[in-house]
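We name chains A, B, ... by the order of the sequence lines, and we start the count at 1 in each one.
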Amino acid sequence: MSDPQTPASPAKVYSPRDVELKWYSRWERSGYFHAVVNPSKPAYTIVIPPPNVTGVLHMGHILNNTLQDALIRYKRMTGFEACWIPGMDHAGIATQAVVERSLSKEGKTRHDLGREKFIQRVWKWKEEYGGVIVRQLRTLGASCDWEREKFTMDETLSAAVREVFVRLYEEGLIYRGKYIVNWCPKDHTAISDDEVNHAEQQGKLYYIRYPLSGPGKRHITVATTRPETLLGDTAVAVNPKDERFTPLVGSEAILPLAGRTIPVIADDFVDPAFGTGIVKVTPAHDPNDYWIGQRHNLPQINIFDVSAALNENVPEKYRGMDRFDARKAVLADLEAAGLLEKTEDHVNSVGRCYRCETIIEPYLSDQWFVKMKPLAGPALDVVTNGTIRFYPERWTKVYENWLNNIRDWCISRQLWWGHRIPVWYCVGDGHCMLECKQPIVSRTTPERCPHCGSTNLRQDEDVLDTWFSSWLWPFSVHDWPGQEATGKAADLRYFYPTDTLVTAPDIIFFWVARMIMAGLKFAPTFTGSSDPAKNIPFRDVYFTSLLRDEKGRKMSKSLGNSPDPVELIDEYGADAVRFTMLYLAPLGQDVVYASEKNELGRNFANKVWNAGRFLLMNRDQTGEAPPAAGINTDHADLADRWILSRLHTTLEEVRSAVAAYEMSRMAKTVYDFLWHDFCDWYLEMIKSRLYGDEPAAVKKAVVSRALGVYDAALRLLHPLMPFITEELWQTIRAREDSVTIMQSRIPDLDPAMIDRDVERQMTFVQNIIEAVRNIRGEMSIPPSREITLAMKTGPAHPPAALRLYEGYLQRLARVTSLSFLDGTARPRMAAAAVVDGEELFVPLEGLIDIGLERARLQKEIDRIAAMLNGIRAKLLNASFTAKAPPDVVAREREKESAFETTMTKLMRSMEQLSDGA
RNA sequence: GGACGCUUAGCUCAGCUGGUUCAGAGCGUACGCCUCACACGCGUAAGGUCGAAGGUUCAAAUCCUUCAGCGUCCACCA
């Protein structure tokens with residue numbers, strides 16, 4: 001692909017992968033990503049939302065990590081000690097499932113291996129196959145501080161987990177209680193909500209009469225899909241607003257078949273429109289009934305054993321029956337007693353075990369909980385009072401809503417892979433006392449029971465919810481609580497709290513809220529401060545966009561509609577993928593994504609690359625290199641002052657965009673500056689000097705300055721496209737080996753460089769050029785055809801001033817000469833235009849037919865006339881002139897007179913054209 | 001059922017606290033160009049009564065109300 005004319009020069013088409021593979025390893029080897037405690041600089045810290053150890057890179061990660069890397073690199077280049085801490089999550093369920101699947105291929109289950117062997121096997125799997133994602137992040141260019149990489153099962157992080165468990169337990173914030181879990185009666189294990197497959201199924205809705213106690217033969221009728229559970233009923237509920245039944249509240253019903261009396265209660269949960277509007281309440285066997293039971297302090301009667309057969313809590317005749325046999329028996333008995341009112345078909349959703357397809361049984365079991373109310377209050381405050389800010393802000397409402405209705409957190413899981421609950425029970429050796437029934441909660445494995453001295457202890461079988469380690473991440477990565485011992489105390493103080501959290505909104509509850517709680521609860525142990533601002537885990541939270549495919553569907557693993565990021569990077573290059581993603585993903589808005597969109601980034605990279613080639617070519621021809629620092633201002637003309645003004649305008653825009661986390665706006669701003677201002681206009685304009693007969697010193701200054709501006713633009717672009725900018729930055733000038741663009745500075749904004757007059761003047765020149773190009777285009781004048789330009793200008797633009805730009809007009813508008821008309825003289829046959837009130841003419845003698853020009857001119861006249869009409873109508877409206885602010889009215893009057901002038905001149909040209917014809 | 005978001009050119013989207021970029025950009029389309037950095041390029045042009053209906057105002061794509069369609073999250077289907 002190299003240019004045959006100049007084999008030494010870089011390739012015409014940028015090939016990203018060669019460049020990218022070269023730079024990342026060099027950066028990492030040189031330790032450029034490593035951040036250290038540096039009191040002379042403020043720290044800027046991000047912790048990566050730790051991906052699952054089982055994970056592979058998907059498009060969501062691309063978005064998330066590109067955002068984080070762009071922020072980190074930008075901060076690193078604007079005076080911060082930027083630290084981005086990577087790591088992985090042990091992902092209890094997902095990881096255990098992966099390893100169990102591989103075991104089942106060998107025809108084994110985890111029980112065949114036993115707990116210890118199984119865990120060894122998981123670790124082995126982790127070493128061999130885990131963390132693919134971490135390697136993939138490198139290809140994306142993520143400038144993580146790999147020396148600080150952590151894993152949630154590392155010993156230091158496990159110590160944090162135990163510390164927190166023990167502290168919360170000692171404060172009474174952790175307790176053990178009954179909870180409804182998804183129980184598989186075949187596997188005899190609880191499974192998580194994610195592991196239950198729900199499917200619609202045709203079932204029946206049974207209407208059952210419950211006699212009311214007291215005189216008379218009154219009864220009420222409940223509707224249920226699970227009649228067998230009535231043996232565990234402890235109440236009947238109606239809606240408190242349902243006037244049909246409210247008189248019954250407080251009375252009692254007699255539970256059929258069991259003969260117990262149960263109360264009639266009122267609860268909002270009941271939907272008056274469903275069934276009969278009366279619900280049987282079985283707290284031990286239905287999640288909703290469980291919560292009703294909690295609210296009304298109802299007893300919980302468990303009627304099943306671990307295999308879902310009926311137990312001793314039911315009348316003798318049902319004991320030992322399977323749940324489905326029991327259903328038949330119960331229905332038959334109800335029928336016989338005349339209590340089965342009717343049966344209807346009913347479609348409901350049934351959950352099945354993802355492994356064995358057995359219907360899941362909601363089952364009451366012993367679990368560990370964290371009391372959330374005491375933690376939620378402070379976490380709510382810091383968000384509502386702005387100590388922590390959400391971007392976009394609307395997520396604060398979702399957050400508040402959840403925290404205000406928070407339930408206790410069930411933290412135990414019936415898995416093997418994870419942090420085992422640091423609780424032991426005394427099994428005893430004959431000397432047990434009453435106290436020995438208490439759980440022994442300890443940071444380290446206890447040797448003996450503190451009460452009876454027995455060494456026969458048994459650790460709780462369960463592990464902790466994976467989020468129980470994730471919520472400590474912002475400080476556990478710095479070895480808390482052992483930071484003194486490992487020498488990380490200074491790091492913890494310097495880098496905590498982090499500045500920005502970039503994450504998907506779907507884990508706002510699981511993770512974001514809990515990290516805030518953990519920070520406020522535990523950070524005071526090392527900040528030594530009770531000030532929430534010092535203890536929060538992060539100051540800003542950026543919630544990423546949702547990615548959709550072209551059909552508008554959410555990109556997800558299960559739909560398989562997400563492109564493979566690795567293939568995208570191979571095809572387009574990491575820079576292009578990153579840039580495209582940032583360009584497309586505005587804050588708070590969904591993104592419709594398709595692979596082909598990466599052409600935007602690829603084309604831009606190519607454009608930047610070729611601008612570099614152009615500058616290198618001229619550098620070599622003039623023998624000029626940019627000065628070591630700053631931008632050469634010798635022999636500066638309008639274009640030079642203009643590009644510097646535009647550069648600093650761009651710096652200002654970028655700064656405000658980043659401050660608001662509008663990374664998409666940042667990308668657009670840099671793109672527009674480089675492509676349109678720098679390439680389309682500036683580089684084209686300097687050609688007129690470089691290829692003209694200017695003295696060598698001027699040409700050198702011109703090249704030097706252009707290289708200086710380009711250098712600055714590359715630095716500004718680097719956070720978005722790290723690889724190509726490094727390559728070019730290293731090439732445009734000789735650099736020392738240890739120097740990298742990623743540790744250079746983005747130029748400081750200098751407001752004095754922004755010159756509105758210069759920009760206005762330049763716009764005038766650009767408009768002239770565009771007017772001439774329009775004439776060429778509309779009149780189909782071939783580019784090879786030479787044309788001249790005549791202007792008739794007023795005092796605002798004297799000929800002497802315009803002469804200065806003649807070179808630009810010649811090159812960019814392709815006119816061979818520029819002349820000025822005096823007095824009333826007008827060319828007889830010419831295409832005309834009015835720019836900024838000044839007239840310009842392109843003589844058409846023998847070029848083209850007049851009809852075309854007349855049509856072109858008429859179009860412009862119509863356009864101006866329409867605008868003029870609008871303005872005049874406004875000004876004629878008395879209430880407008882009376883009520884609108886004076887400056888608005890004045891502005892309209894100015895516009896009116898400007899349009900009138902333009903109109904007069906256009907009309908005159910039109911007449912002239914007719915006369916000529 | 002609850003909360004929130006979106007609807008602007010064929011497509012994807014900018015347009016913040018109402019009036020100087022007010023109807024815009026990119027892609028696509030049409031036409032002309034291999035002009036000595038780039039055809040992954042350069043130039044020119046066509047395309048929309050800003051989802052619908054009301055309202056506030058001198059003035060509404062922009063503020064308010066209602067409706068419709070699309071979407072996300074949460075809850076729920078006894």
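For an aromatic pair to be called close, the ring centres must be under 6.0 Å apart, and A:Phe543 with A:Tyr391 fails this.
At whole-Å resolution of the value, CZ in A:Arg613 and P in B:C40 are 14 Å apart. As a whole-Å value, the separation of A:Arg756 CZ from B:U21 P is 13 Å. Whole-Å rounding puts the A:Leu683 CG to B:C38 C1' distance at 11 Å. At whole-Å resolution of the value, CG in A:Leu690 and P in B:A37 are 10 Å apart. Here B:G32 presents its C1' atom at 13 Å from CG of A:Asn774, a figure rounded to the nearest Å. Summarising the geometry, the separation between CD on A:Glu344 and C1' on B:A78 is reported as 13 Å, rounded to the nearest angstrom. Straight-line distance from the CE atom of A:Met779 to the C1' atom of B:G32: 15 Å, rounded to whole Å. Note: CZ (A:Arg548) to P (B:U12) measures 12 Å, nearest angstrom.
Side-chain proximity of A:Glu778 to the nucleotides B:A78, B:A45, B:C76 is greatest for B:A45. Nearest to the side chain of A:Val270, among B:A78, B:U20, B:C40, sits B:A78. Proximity note for A:Met617 (side chain, C-beta onward) versus B:U20, B:A78, B:A37: the nearest is B:A37. Here the nucleotide nearest the side chain of A:Glu684, chosen from B:A78, B:C4, B:A37, is B:A37. Listed nucleotides B:C77, B:A78, B:G41 differ in distance to A:Asn288; the shortest reach to its side chain belongs to B:C77.
Residue A:Lys607 places a side-chain atom within donor-acceptor reach of the base of B:C38, judged by atom type and a 3.5 Å distance cut-off alone. Within 3.5 Å, no donor on the side chain of A:Lys12 pairs with an acceptor on the base of B:A39, nor the reverse.
Residue contacts for A:Val592: at a heavy-atom cut-off of 4.0 Å it reaches the sugar-phosphate backbone alone, with no base atom in range. Residue A:Lys687 is classed as a base contact, given a heavy-atom separation below 4.0 Å to a base. Residue-level contact check: A:Arg773 touches the backbone only, with heavy atoms under 4.0 Å from sugar-phosphate atoms and none from bases. Using a 4.0 Å heavy-atom distance criterion, A:Arg814 is classed as a base contact. Among the atoms of the strands shown, only primed sugar atoms or phosphate atoms (P, OP1, OP2) are found under 4.0 Å from some heavy atom of A:Tyr691. Among the protein residues, A:Arg891 comes within range of the nucleic acid bases, having at least one heavy atom under 4.0 Å from a base atom. Looking at heavy-atom distances under 4.0 Å, A:Ala223 makes contact with sugar-phosphate atoms alone, never a base. Across all strands shown, A:Pro885 has heavy atoms under 4.0 Å from base atoms, whether or not it also approaches the sugar-phosphate. A:Glu599 comes within contact range of no nucleotide atom at all, as no heavy-atom separation falls under 4.0 Å.
Within the 4.0 Å cut-off from OP1 or OP2 of B:A37, not a single side-chain nitrogen or oxygen of A:Trp675 is found. An OP1 or OP2 oxygen of B:A37 is reached within less than 4.0 angstrom by no side-chain nitrogen or oxygen of A:Asn618. Phosphate contact (OP1/OP2 of B:C73, side-chain N/O of A:Lys397, threshold under 4.0 Å): absent. A sub-4.0 Å separation between OP1 or OP2 of B:C74 and a side-chain N or O of A:Asn401 is absent. Not one side-chain nitrogen or oxygen of A:Lys280 sits closer than 4.0 Å to the OP1 or OP2 atom of B:A78. Residue A:Asn877 places none of its side-chain N or O atoms closer than 4.0 Å to OP1 or OP2 of B:A59.
A:Lys687 forms no cation-pi arrangement with A:Tyr808, by the criterion of a distance under 6.0 Å to the ring centre and an angle within 45° of the ring axis.
Distance noted for atom C1' between B:G15 and B:G24: 8 Å (whole Å). As rounded to the nearest Å, B:A23 and B:C31 have C1' atoms that lie 25 Å from one another. Rounded to a whole angstrom, the distance from the C1' atom of B:G71 to that of B:G51 is 15 Å. Distance check on atom P: B:A37 versus B:G43 gives 15 Å, rounded to whole Å. Comparing B:C63 with B:A14, their P atoms are spaced 15 Å from each other, to the whole Å. Here the separation of B:U7 from B:C64, taken at their P atoms, is 14 Å to the nearest Å. Taking the P atom of each, B:U56 and B:U20 are spaced 23 Å apart, rounded to whole Å. B:C36 and B:C42 have their P atoms separated by 14 Å, given to the nearest Å.
Anti is the glycosidic conformation of B:U17, whose angle departs from 0 by more than 90°. Glycosidic conformation, B:G47: syn, with the torsion inside 90° of 0.
Between A:Asp680 and A:Trp291, the residue whose closest nucleotide on RNA chain B is further toward the 5' end is A:Asp680. Place A:Ser879 and A:Phe509 on RNA chain B by their nearest nucleotides, and A:Ser879 ends up nearer the 5' end.
Taking every heavy atom of both residues into account, A:Thr580 and A:Gly601 meet most closely at OG1-N, 3.1 Å. Closest non-hydrogen pair, A:Tyr206 versus A:Thr225, comes out as CE1-O, 4.0 Å. Nearest heavy atoms, A:Met59 versus A:Ser562: CG-OG, 3.2 Å.
The aromatic rings of A:Trp675 and A:Phe604 lie parallel to each other, their planes meeting at an angle below 30°, with 60° marking the opposite boundary. Note on ring orientation: taking the six-membered ring where Trp is involved, the planes of A:Trp609 and A:Tyr14 are tilted (angle from 30° to 60°).
A donor-acceptor pair under 3.5 Å is formed between the side chain of A:Arg773 and the backbone N or O of A:Leu812. A donor-acceptor contact shorter than 3.5 Å is absent between the side chain of A:Arg209 and the backbone of A:Ile220.
Atom CZ of A:Arg327 sits in a crowded spot, with more than 12 heavy atoms from other residues, nucleotides or ligands closer than 6.0 Å. Taking a 6.0 Å sphere around CG of A:Asp693, one finds it holds 12 or fewer heavy atoms contributed by other residues, nucleotides or ligands.
Remark: RNA chain B forms stems of 3 or more consecutive Watson-Crick or G-U wobble pairs, all pair distances under 3.5 Å, at B:1-7 with B:68-74, B:10-13 with B:24-27, B:29-33 with B:41-45, B:51-55 with B:63-67.
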